[in-house]
Amino acid sequence: MIEIFNVQKNKHFTYAEAEEILPLVYRITDDASKEVKYLMGCVEALQDKHSDASRDLQTRINQIIEKWQNKLERLGLRPKGLWLADFDNGSGYFCWKFPETKILFQHGYQDGFTGRILIAEQDAPREDHNAHSPSPN
């Protein structure tokens, strides 16, 4: 079950917990990014980029992004940039950027997005689905 955290509460995610919550994070991000993309297209279509209509659209874009950030924070993540979020794992971060569909990267607390390294399979233990299967013999 996904738990919603107080924004101030530090949440440490195991790799399995990060993977479990990722579909929800993806859906929240996908919805917000589609809204922002649409509104950005509306801004681009305006003749006067400094008009009241343009400013209103830009305000709505900022509100959508802020709402996205708040949702992720309530889930225990740390938004780090546009459609970029970190899952604190206690010794650094599992790093995710939309539209990635898996947690593939990690980095230390002092490293940013450019310091991402691919998570080796041994660093991200997965449940062995064959362990409970009948033997082929």
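Residue numbers start at 1 and run along the sequence shown. This is a predicted model, so every value here is computed, not measured.
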Stepwise side-chain contact (heavy atoms from CB on, under 4.5 Å) check, V43 with L39 = CA-CA 6 Å; V43 170; L39 293 174; 5.7 Å; no
query = In Å and rounded to the nearest 0.5 Å, what is the OG1 to OH distance from T101 to Y26?
reply = 7.0 Å
Inter-residue atom distance L72.CG - T29.OG1, 0.5 Å rounding = 5.0 Å
key: Crowding at NZ, K49 (>12 non-hydrogen neighbours, <6.0 Å)   = yes
task = Salt-bridge test for D31 and R27: reply yes if a basic N is under 4.0 Å from a carboxylate O, no otherwise.
result = no
Donor-acceptor contacts, no H, no angles, side chain residues 80-87, under 3.5 Å, sequence neighbours left out:
{"from": "D86", "atom 1": "OD1", "to": "H107", "atom 2": "NE2", "distance (Å)": "3.4"}
{"from": "D86", "atom 1": "OD2", "to": "H107", "atom 2": "NE2", "distance (Å)": "3.2"}

ask   = Do you know the tightest heavy-atom contact between L57 and C42?
value = CD1-CB, 3.7 Å
inquiry  = Between Y15 and N89, is there a side-chain heavy-atom distance shorter than 4.5 Å?
reply    = no
inquiry  = I'd like to check the salt bridge (Lys or Arg N to Asp or Glu O under 4.0 Å) partners of E17; sequence neighbours left out, ordered by chain and number.
reply    = K11
query = Side-chain donor-acceptor pair under 3.5 Å between D111 and Y93, yes or no?
reply = no
inquiry  = For the CG atom of L104 and the CD1 atom of I119, what is their distance to the nearest 0.5 Å?
reply    = 7.0 Å
key: Interatomic distance, I65 atom CD1 to S33 atom OG [nearest 0.5 angstrom]   = 10.0 Å
key: Among E66, E35, M40, K37, the one residue meeting side chain to side chain contact (heavy atoms under 4.5 Å, CB included) with I61   = M40
key: F113, CZ atom: more than 12 neighbouring heavy atoms under 6.0 Å   = yes
query = With the 4.5 Å side-chain cut-off for hydrophobic clustering, are I117 and F105 part of the same group?
reply = no
request  = Go through the side-chain N and O atoms of Q58 and S54 and say whether any donor and acceptor fall under 3.5 Å apart.
outcome  = yes
inquiry  = The test is ring-ring contact (aromatic ring centres under 6.0 Å, His included); show your working for F13 and F94 and say whether it passes.
reply    = CA-CA 8 Å; F13 290 88; F94 296 123; 8.3 Å; no
ask   = Is there a side-chain contact between D88 and L77 (heavy atoms, below 4.5 Å)?
value = no
SB check D52 R55 (cutoff 4.0 Å) = yes
inquiry  = Working to the nearest 0.5 angstrom, can you tell me the gap between E19 CD and K102 NZ?
reply    = 5.0 Å
request  = Answer yes or no: are there more than 12 heavy-atom neighbours, outside R60 itself, under 6.0 Å from its atom CZ?
outcome  = no
W96 side chain vs E100 backbone, donor-acceptor pair below 3.5 Å = yes
